[in-house]
**Student:** 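Take a look at the following structure, please.
It should be emphasised that the depicted structure is a prediction, and the values quoted were computed from it without experimental measurement.
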Amino acid sequence: MMAVFAAIVGFSALFFSCKSLPAGNEVSAIELLDNESSFYIAIPKNADQELITRIIQNNIEISEKDAKSLSDRIEKVYCGLNRSRNSTEIQVSVDASIPQKYVPSLLNTKNGWTVSKFIPDNSLNVYPVYSYAGMSLAFPSDRLVCLGRDVEKMLSTYDRLFSAEVIYVEENNEETEADKLSPELYAFLEGADSEIRFCANKPQSFLTILTGAQLDLKLIDVSGAFIQDPKFNKQYILNLSFNFKNETFLKAGKSLLTLAFGLTNSQSEIVGNTTLKINGIKIDKNQLYKLLSL
């Protein structure tokens, strides 16, 4: 997640040093993510601004006051992750607005940054791409930051959506549609407002991180939300939805999950033949911060 806030700090540098693109369609941050990540999370400011402030403080050298000021300018962070044994690959799109007083010197050559120019196919627009230590980031508009995996692909998506008059051949449209998030996942993440929402398309590794146990549950995906506990401001209520491959796996999985989570203070419910919902799991905020490697 360090790259998210390198991008946020760098956002102002580009905004105030480059000419604005001509008027076009409004593009939302979530539209820039592709469907190639195994885990997605949406963190809105309304859900927990303290979380965003902590991320900033933990990843860049900045005072608590300045970190709070930066987090005030962030509306929502969308992130896709692919985790392996040795590394974490990220793709991030941020909805943010940073005033001129935060214009940094972070993205210059003195600090090790290099800049290249990217022109999407069938476009006249030029987008600077900043690179440092294997990380790439770009700022397609004054409201968006994109970074991590396939930044140029994200810029191409932005340019296509922004430029209403650009006409693409049919096969390119089909390829673009194939790269998009599913409508269900898109709506789920975009709807995050007062809660942190996530979805794991490869849920086995996610469950290992969450429970500390190796659980082979034959799952299609796991989704859920962290909601601020109204009674304890240092605690979240975690609600989870497990989508199993079939009814047989659901029955076996329910017992394992009950044991893994210790569901004395939560409620479980079977929906249809393949979905198990577990609501009301209490989790300390610090556990969440550690889980997200922040």
**Student:** Is any side-chain N of the basic residue among E50 and K68 closer than 4.0 Å to the acidic one's carboxylate O?
**Tutor:**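 Salt bridge absent between E50 and K68.
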
**Student:** Would you please test I43 and I52 for side chain to side chain contact (heavy atoms under 4.5 Å, CB included) and show each step?
**Tutor:** CA-CA 8 Å; I43 308 174; I52 295 177; 4.2 Å; yes

**Student:** State whether a side-chain donor-acceptor pair under 3.5 Å links S123 with D159.
**Tutor:** yes

**Student:** Are D48 and K285 ion-paired here, with the side-chain N under 4.0 Å from a carboxylate O?
**Tutor:** yes

**Student:** For the SG atom of C199 and the CG atom of L181, what is their distance to the nearest 0.5 Å?
**Tutor:**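 Result: 10.0 Å between the selected atoms.
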
**Student:** Test of understanding: clusters of I, L, V, M, F, W, Y form through side-chain heavy atoms closer than 4.5 Å, transitively. Do F118 and Y158 belong to the same one?
**Tutor:**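 Same cluster.
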
**Student:** Should the pair K45-D72 be classified as a salt bridge under the 4.0 Å nitrogen-to-oxygen rule?
**Tutor:**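 No salt bridge links K45 with D72.
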
**Student:** Do the non-hydrogen side-chain atoms of V115 and V129 ever get within less than 4.5 Å of each other?
**Tutor:** no

**Student:** Check for me, please, whether F242 and I227 land in the same ILVMFWY cluster - side-chain distances under 4.5 Å, paths through other members count.
**Tutor:**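 Looking at the clustering, I227 is in a separate group from F242.
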
**Student:** When hydrophobic residues are tied together by side-chain contacts of less than 4.5 Å, even through go-betweens, does L51 share a cluster with I281?
**Tutor:** yes

**Student:** Under a 3.5 Å distance rule, please check whether E31 uses its side chain to pair with a backbone N or O of S28 as donor and acceptor.
**Tutor:**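 Confirmed, E31 side chain pairs with S28 backbone.
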
**Student:** Using modelled atom types only, decide if a donor and an acceptor are shared between the side chain of E190 and the backbone of A187 within a distance under 3.5 Å.
**Tutor:**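 Flag not set: sc E190 to bb A187 has no pair under 3.5 Å.
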
**Student:** L144 versus V94: any side-chain heavy-atom pair under 4.5 Å?
**Tutor:**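 No, too far: nothing below the 4.5 Å cut-off.
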
**Student:** In the single-linkage hydrophobic clustering (I, L, V, M, F, W, Y; side-chain heavy atoms under 4.5 Å), do I237 and I41 co-cluster?
**Tutor:** no

**Student:** Taking salt bridge (charged side-chain N to carboxylate O under 4.0 Å, His left out) as the definition, give me every residue that meets it alongside D95, ordered by chain and number, with sequence neighbours left out.
**Tutor:** R143

**Student:** When you measure from the side chain of S37 to the backbone N and O of F39, does any donor-acceptor pair fall under 3.5 Å?
**Tutor:** no

**Student:** Please name the pair of heavy atoms, one in V151 and one in C146, separated by the smallest distance, quoted to 0.1 Å.
**Tutor:** CG2-O, 4.2 Å

**Student:** Between R197 and G224, is there a donor-acceptor pair closer than 3.5 Å when you use the side chain of the first and the backbone of the second?
**Tutor:** no

**Student:** Looking at side-chain heavy atoms only, is the closest gap between V126 and K117 below 4.5 Å?
**Tutor:** yes

**Student:** Kindly determine whether N125 and S163 satisfy side chain to side chain contact (heavy atoms under 4.5 Å, CB included), including the steps that lead there.
**Tutor:** CA-CA 9 Å; N125 296 321; S163 305; 3.6 Å; yes

**Student:** Quick check: closest heavy atoms across L240 and N279, and the distance to 0.1 Å?
**Tutor:** N-OD1, 4.2 Å

**Student:** Taking C-beta and beyond as the side chain, do F139 and Y127 meet within less than 4.5 Å on heavy atoms?
**Tutor:**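 Answer no - side chains too far apart.
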
**Student:** Going from OH on Y40 to CZ on F188, what distance comes out if it is rounded to the nearest 0.5 angstrom?
**Tutor:** 13.5 Å

**Student:** Does K76 reach the main-chain N or O of A29 with its side chain, forming a donor-acceptor pair under 3.5 Å?
**Tutor:**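 No: the side chain of K76 does not pair with the backbone of A29.
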
**Student:** Strictly distance-based, threshold 3.5 Å: is any side-chain N or O of S38 a donor or acceptor partner for the main-chain N or O of L81?
**Tutor:** yes

**Student:** Looking only at non-hydrogen atoms, find the nearest pair between L250 and N273 and report the distance.
**Tutor:**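 For L250 versus N273, the nearest heavy atoms are CD1-O, 3.6 Å.
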
**Student:** Answer yes when D34 and K153 have at least one side-chain N-carboxylate O distance shorter than 4.0 Å, and no when they do not.
**Tutor:**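 Answer for the salt bridge query: yes.
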
**Student:** For the residue pair D221 and N201, confirm or rule out a side-chain donor-acceptor distance under 3.5 Å.
**Tutor:**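 Note: D221 and N201 side chains miss the donor-acceptor criterion.
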
**Student:** Could you walk me through whether E36 and R149 satisfy the salt bridge (Lys or Arg N to Asp or Glu O under 4.0 Å) test, starting with their C-alpha distance in whole Å, then the side-chain angles of each, then the deciding distance to 0.1 Å, before giving a yes or no?
**Tutor:** CA-CA 10 Å; E36 297 180 14; R149 176 175 55 79; 3.6 Å; yes

**Student:** Can a cation-pi geometry be assigned to K282 and Y236, taking NZ or CZ under 6.0 Å from the six-membered ring centre and within 45° of the ring axis?
**Tutor:**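 The answer is no, since K282 fails at least one limit relative to Y236.
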
**Student:** Contact between Y78 and L189 at the side-chain level, heavy atoms closer than 4.5 Å - yes or no?
**Tutor:** yes

**Student:** Measuring only between side-chain heavy atoms, which start at C-beta, is I278 closer than 4.5 Å to N239?
**Tutor:** no

**Student:** Rounded to the nearest 0.5 Å, what's the gap from NZ on K180 to CG on L32? Could you check?
**Tutor:** 12.0 Å

**Student:** Please check this pair: side chain of Q91 against backbone of L147, looking for a donor-acceptor N/O pair closer than 3.5 Å.
**Tutor:** no

**Student:** Is there a side-chain contact between T275 and S241 in this structure, where contact means two heavy atoms from C-beta onward sitting under 4.5 Å apart?
**Tutor:**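 Touching, per the 4.5 Å side-chain cut-off.
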
**Student:** How many angstroms lie between atom NZ of K251 and atom CG of N246, to the nearest 0.5 angstrom?
**Tutor:**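 Rounded to the nearest 0.5 Å, the NZ-CG separation comes to 10.5 Å.
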
**Student:** Using modelled atom types only, decide if a donor and an acceptor are shared between the side chain of N25 and the backbone of L161 within a distance under 3.5 Å.
**Tutor:** yes

**Student:** Are I74 and Y289 connected, step by step, through hydrophobic side chains (Ile, Leu, Val, Met, Phe, Trp, Tyr) whose heavy atoms are closer than 4.5 Å?
**Tutor:** yes

**Student:** Find the distance between NZ (K254) and CG (L217) and round it off to the nearest 0.5 Å.
**Tutor:**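 It comes to 13.0 Å.
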
**Student:** At what distance, to the nearest 0.5 angstrom, does CG of N82 lie from CD of E89?
**Tutor:**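 Going from CG on N82 over to CD on E89, the span is 5.0 Å.
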
**Student:** Looking at F226 versus F198, is the centre-to-centre ring distance below 6.0 Å?
**Tutor:** yes

**Student:** Which heavy atom of D193 sits nearest to which heavy atom of P44, and what is that distance?
**Tutor:**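 Looks like O-CG, 3.4 Å.
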
